[in-house]
Amino acid sequence: MAEYKSTLNITQTSFPMKANLPQTEPERQKLWEGFGFYKGAFKKPGAPKYVLHDGPPFANGDIHMGTALNKILKDIIVKYQGLKGHDAPYVPGWDCHGMPIEHKVVEKLGSKAKTMTKVEIRKECKAYAEKFLDRQRDEFKRLGVIGNFDNPYMTMDPTYELAIVKAFQQMLAEGYVSRRLRPIHWCPVCQTALAEAEVEYADHESLAVSVAFPAKQLPAGVFSKVPLDKLSFVIWTTTPWTLPANLGISVHPDFEYVAVKAGDNYYVVAKTLLPAVAQMCGWKEGDYQVVDEVIGQKLDRGLARHPFLDQDSLLMVGEHVTADAGTGLVHTAPGHGREDYEIGLKYNLPVYSPVDEAGRYDARVKEWEGMSIWKANPLVVEKLKSLGKLLSFQTIKHSYPNCWRSKNPIIFRATAQWFIELDHKDLREKCLEEIGRVQWVPSWGKDRISNMVEGRADWCISRQRSWGVPITAIYCKTCGDVVKDAKVSEATIAMIQKEGLDGWFQHQAKDILAVGTKCQCGSSEFVKEEDILDVWFESGVSHMAVLATRPELTWPADLYLEGGDQHRGWFQHALWTGVALKGHAPFKTVLTHGWVLDAQGKAMHKSAGNAIDPMDLMKQYGADILRLFVSSEDYTEDVSIGTEMLTRMSEAYRRIRNTFRFILGNLSDFDPKTDRVVLDDFLPIDRWAWAEGQKTLTSLSEAYSQYQYTRVFHELDYFFSVTLSAGYFDILKDRLYTFEAKGKARRAAQTVLYDLLKGFVIAVAPILSFTSEEIWQSLPENFKEANEKSVFDAKWPESSATAFDATVAQEWEAIFAAKKVVLKSLEGLRQAKTIGSSLEGEVALYTESEFLKKALQKHAENLRYYFLVSKVDLKEGTAPAEAQSAEDANLKLKIVAQKSAGHKCARCWNYYDQLGPEIEDLCYRCGPVVQKMPAQGPVS
RNA sequence: GGGCCUAUAGCUCAGUUGGUUAGAGCGCACCCCUGAUAAGGGUGAGGUGACUGGUUCGACUCCAGUUAGGCCCA
């Protein structure tokens, strides 16, 4: 048998089968760098805008899986919108100020920090932030993210800082800003405020006391069986020193409270805690009895007397009261506890905190004025005892907050803080209205943020730190009144524009105020605030600093896209400030994604050892595998990632890559300018495949624009492996390899391949960015337009949905359903070792379905090639008993398969009843093709 | 403890307004090919729909509770 392999048009391509992504992806990055994509050249001036506004990650440490997920999702959207013809500029941002950086820097500086000025510390912090910003920038690029990385926005950038100051000044002028007391963590040793992250917990011995507060006045009908003058409310506390600041007693609305007679007196405690309280107070079984009870709600606004001061204590109802310890009645000092403060706000209690910065009682506590609260603790207990108000007393060991630096126990102490008044000018109402206008994806985000906006107590914007933007406000030293004057505001802005934020720290109030400025109270002494702004204010106003400032962007943004935690964070603070400053939400759509969890669905923690570093994945798999993974997961929920998933992704990736490679290999001799064939010259199967491609592209567009990437992934996966690889291409190989190279039939197939290639290399680009660019770069010049140097310069394939009518589609469906039955019948022969290749078999078809029969007859002469067998007989009459039936009874198809009795063509390997006549061992199709060739020469 | 969310084959996802034997791809097992070859093709086995109860003629789908997990608070 002669060797005919050299006469075939076998695939030829230099496009490597093995991707080697970890090594090759950085080369694509360099290419993009060269194209100016990181300079903001990745946009289409003049085209309709699509603005995704980047939520700034904190410039601290390396990126983690969550950041990677977030940035890849954003990148997919931006690239899709860009390819679709939008001008979609992407400006990445970084959150640079804030506690974590300052904390790290101060820790590193050690004792030196105490001798440094704010300006000096700020310089160190800036260097630290810059270092990590650079690292993260490289990491994002490595993930394949394209954006204006050469000119990102940074909250520590002077122009950004100025925008923050302007936003603050506007809110100050419009009355949103106030200054009032609030309890915060305070270290009496360092005499400084502490942030949450600076608080450590350690075991501490405290005096725990039960205290009787005599009842003064009760709501009607409450404890009517008890003589009021003998009734007391019992509270339990581990901080007796806060009792002088007591202003109220909190109860839970749903708890049952009982009045208990013990000895001569009556005491109120929660019903479920009575046994514990009795034991604590030494009430013996039988010595006390319940005489009355009431639900907590009823106690609201009753009055008790302070145990040793001449003042009242208000009964309040709050959900924060627990029943796991104490008496179910909670001593409430709004100046000395977070929850006490919150409930105090609701009941309009003053934020009373008679303790100075060193932790000593001030003049308002006459008895112990100037005494340290730690020393006063036992004295308070003594006092209670002497007045008969002490019901129990013990020392307990419990976890207590300590200062990270001095390691001493800290306290809650009220100090003057700055606030955004959330109900000023109906801000809250307006925000809720705006929430209704925004599109939330997924839709439940709306409920989530609505609940949060409704329930938010207050927004404290002041922090007693150095690394941030100062609260540029001035207040009267005497009465505390805040200066709200347009001229002062202008002067402040002008100064910061000129000198930067350091100017604020270096100047005095008098440098900013006009000479002779006086407060309403008559004082002419003013204080310049040095507290800095909550970083949520900084990032929250990014819409002002970035969207409203950069000419290439728009206000509002089309999309904000962050993790679900940002309903509480960025989204909410952007909303408050957007509505306050501009009257509207700064976003049209808000999309949230879930958390990245480990393979078992558990949260990742460095300490738990289950954290995956995205940069490790870059080294092991490459960015496109991770990007494909992101597309495959339903990001609206939490996503699990593990080795198995990544292996799966590598496999799916290989299939897609190889399918592209197959196409490239079969187009090596195709010039679209001259070889293209019109639709009318397509073979029926080409029309089918082409239409399937169009259908899939349409569907992909739809899925992309609805942010449904799992759908994109599954459709791609299905189309590449089933429709193309196992379907069309398997059938096509015969024609591509054996037909006349330049003949119309082969060119028709190549035309379809070409359209598929051009369509799908772009359709895949938002996800498999590196690979599609690699493919694009490997395309011959005549495959692309002169200005299409990158795949991202190309235009999204406009798919036509009218490629097929429904009847034709149904015919093909029937034919492929029939093919499934054919394959099954052949499998029997194969298992019996009768045949190997399906071409060795032939089939006889029996059908009672008119529709199927018609469809089969229509394609009668090609069926053998569709089915990859050597003969298809369409038989009339009843099928023999041994026939293979279709599983789908509706198909009404039976098939008998047998080994072909024909002769194998040495070139195309199909079986024919007879070979020749042109060449003895070749079939009637191959003979003429080979005859036309130059002797022995390979096909050009 | 509260707000919001999730639970369908080993993995990733589909399942229309509750309606017959719950689907797909991948993986896996077995087989074929050796002209996409560190590729390609075929067949097959995999599901108590987290659990419990309720509504209904009928529930993966609606309701309640439980369990497990996630985010944000407390």
Side-chain angles (χ1 to χ4, degrees), chain A residues 4-13 15 17-18 66 252 254 318-324 338-339 342 442 444-452 454-457 563-569 572 592-597 599-603 628-629 631-634 636-640 642-649 651-652 654-655 657-666 708 710-711 713-722 725-727 729-730 732-734 736-738 819-820 822-833 835-840 868 907-909:
Chain A
Y4 290 102
K5 189 166 175 177
S6 62
T7 70
L8 296 172
N9 314 295
I10 304 284
T11 54
Q12 275 180 28
T13 178
F15 187 81
M17 178 179 280
K18 193 167 184 316
H252 195 286
D254 303 331
E319 305 271 349
H320 66 284
V321 176
T322 61
D324 37 86
R338 189 52 53 79
E339 287 167 335
E342 303 275 354
W444 47 257
K446 183 178 167 182
D447 293 335
R448 192 170 150 103
I449 195 166
S450 294
N451 285 332
M452 287 173 176
E454 267 167 31
R456 169 134 200 186
D565 56 331
Q566 300 303 334
H567 286 118
R568 177 79 191 175
Q572 202 190 127
T592 50
H593 58 78
W595 234 237
V596 180
L597 310 176
Q600 276 70 47
K602 297 268 171 65
L628 193 61
F629 164 78
S631 79
S632 78
E633 291 268 346
D634 178 6
T636 62
E637 272 313 309
D638 296 335
V639 302
S640 280
T643 319
E644 185 182 0
M645 268 307 295
L646 291 162
T647 308
R648 281 296 126 70
M649 283 308 120
E651 282 154 0
R654 268 213 311 269
R655 173 94 63 163
R657 183 182 178 88
N658 269 320
T659 306
F660 272 117
R661 184 172 178 272
F662 177 83
I663 298 177
L664 288 168
N666 282 294
Q708 296 170 351
T710 51
R711 204 178 125 196
F713 172 79
H714 281 283
E715 297 222 13
L716 274 176
D717 190 37
Y718 185 89
F719 185 70
F720 274 69
S721 36
V722 179
S725 194
F729 291 174
D730 218 28
L732 215 53
K733 284 181 218 171
D734 176 62
L736 286 167
Y737 299 164
T738 71
K819 181 175 181 179
K820 240 183 133 49
V822 169
L823 291 170
K824 196 166 183 172
S825 66
L826 288 172
E827 189 62 19
L829 297 180
R830 186 145 43 220
Q831 295 290 340
K833 304 285 177 197
I835 63 165
S837 157
S838 64
L839 288 176
E840 291 174 49
L868 293 158
R907 185 163 175 273
C908 71
W909 296 347

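A, B, ... follow the sequence lines: proteins, then strands. Residue 1 opens every chain. In this text, all values refer to a predicted model and were calculated from it rather than measured experimentally. For the numbers below, each heavy atom of this structure counts, side chains included, while hydrogens, waters and symmetry mates do not.
Rounded to whole angstrom, the span from the CG atom of A/L597 across to the P atom of B/rU6 amounts to 15 Å. Nucleotide B/rG25 holds its C1' atom 12 Å from the CD atom of A/E651, rounded to whole Å. Distance, A/E715 CD to B/rU12 C1': 15 Å, rounded to whole Å. In this structure, the NZ atom of A/K819 is 10 Å from the P atom of B/rG41, given to the nearest Å. Rounded to an integer number of Å, the gap from CZ of A/R830 to P of B/rG41 is 13 Å.
B/rG58 and B/rU17 have their C1' atoms separated by 16 Å, given to the nearest Å. Of the C1' atoms belonging to B/rU48 and B/rA22, the separation is 14 Å, rounded to the nearest Å. Rounded to a whole angstrom, the distance from the P atom of B/rA68 to that of B/rA24 is 34 Å. Between the P atoms of B/rG27 and B/rC11, the separation comes to 15 Å (whole Å).
Nucleotide B/rA24 is matched to B/rU12 when pairs are restricted to Watson-Crick or G-U wobble geometry with both distances under 3.5 angstrom. Base pairing annotation: B/rA68 forms a Watson-Crick or G-U wobble pair with B/rU6, both donor-acceptor distances under 3.5 Å. With both pairing distances under 3.5 Å, B/rC57 is matched to B/rG19 as a Watson-Crick or G-U wobble pair. Judged by Watson-Crick or G-U wobble contacts below 3.5 Å, the nucleotide B/rG1 has B/rC73 as its partner. Applying the Watson-Crick and G-U wobble criteria (two distances, each under 3.5 Å), B/rU43 pairs with B/rA29.
In this structure, A/K733 pairs ionically with A/D730, as a charged nitrogen and a carboxylate oxygen lie closer than 4.0 Å. Using a cutoff of 4.0 Å between basic side-chain nitrogens and carboxylate oxygens, A/K824 and A/E827 are not scored as salt-bridged. The existence of a salt bridge linking A/R655 and A/E651 is excluded, since no basic side-chain nitrogen approaches an acidic carboxylate oxygen closer than 4.0 Å.
Counting any heavy atom pair closer than 4.0 Å across all strands shown, A/M649 reaches no nucleic acid atom. Contacts of A/K733 with the nucleic acid, taken as non-hydrogen atoms under 4.0 Å apart, include base atoms. Across all strands shown, A/R654 has heavy atoms under 4.0 Å from sugar-phosphate atoms exclusively, and none from any base. At the heavy-atom level, A/N658 lies under 4.0 Å from base atoms of the strands shown. Within the nucleic acid shown, A/D634 comes within 4.0 Å of sugar-phosphate atoms alone, with no base atom in reach, counting heavy atoms only. Backbone-only engagement by A/K824 is indicated by non-hydrogen atom pairs under 4.0 Å involving sugar-phosphate atoms exclusively. Residue contacts shown for A/S725 include a base, since a base heavy atom lies under 4.0 Å away. Contact annotation for A/Q600: no contact, since no heavy-atom pair falls under 4.0 Å across all strands. Using a 4.0 Å heavy-atom criterion, one finds that A/G836 contacts the sugar-phosphate atoms exclusively.
Just one residue in the list A/F719, A/F720, A/Y718 forms a side-chain contact (heavy atoms from CB on, under 4.5 Å) with A/L716, and that residue is A/F720.
One finds a side-chain N or O of A/Y737 lying less than 4.0 angstrom from the OP1 or OP2 phosphate oxygen of B/rA36.
Distance alone, capped at 3.5 Å, is enough to place a donor-acceptor pair between the A/R907 side chain and the A/T738 backbone. Under a 3.5 Å cut-off, the side chain of A/H593 and the backbone N or O of A/T636 do not form any donor-acceptor pair.
The side chain of A/T710 lies closest to B/rA14 when the candidates are B/rC72, B/rG35, B/rA14. For A/N451, the listed nucleotide lying nearest its side chain is B/rC4; candidates were B/rA24, B/rC4, B/rC13. Checking B/rC71, B/rU6, B/rC33 against every side-chain atom of A/E637, the shortest atom distance belongs to B/rU6. Proximity note for A/R648 (side chain, C-beta onward) versus B/rC31, B/rC72, B/rC26: the nearest is B/rC26. Of all nucleotides listed (B/rG10, B/rG35, B/rC72), B/rG35 comes nearest to the side chain of A/K5. When distances run from any side-chain atom of A/M17 to the nucleotides B/rA38, B/rC11, B/rC13, the shortest one goes to B/rA38. Distances from the side chain of A/H714 to the nucleotides B/rG42, B/rC13, B/rC71 place B/rC13 closest. Out of B/rC26, B/rA38, B/rC4, the shortest distance to the side chain of A/W444 is found at B/rC4. When each of B/rG70, B/rU43, B/rA38 is scored by its nearest atom to the side-chain atoms of A/L823, the top-ranked nucleotide is B/rU43. In this structure, of B/rC11, B/rU34, B/rC13, it is B/rC11 that holds the atom nearest to the side chain of A/E644.
Contact of A/R448 with B/rC71 (side chain to base): a donor-acceptor pair of N or O atoms is detected under 3.5 Å. Counting distance only, with no hydrogens placed and no angle test, the side-chain atoms of A/R568 and the base atoms of B/rC72 include no donor-acceptor pair under 3.5 Å.
Sequence order on RNA chain B of the closest nucleotides to A/G601 and A/A652 puts A/A652 first from the 5' end. Ranked by how close their nearest RNA chain B nucleotide is to the 5' end, A/V722 and A/K833 are led by A/V722.
More than 12 heavy atoms of other residues, nucleotides or ligands shown are found within 6.0 angstrom of NZ on A/K819.
Taking syn as a glycosidic angle within 90° of 0, B/rG65 does not qualify and is anti.
For the atom pair A/T710 OG1 and A/Q708 CD, the distance stands at 7.0 Å (nearest 0.5 Å).
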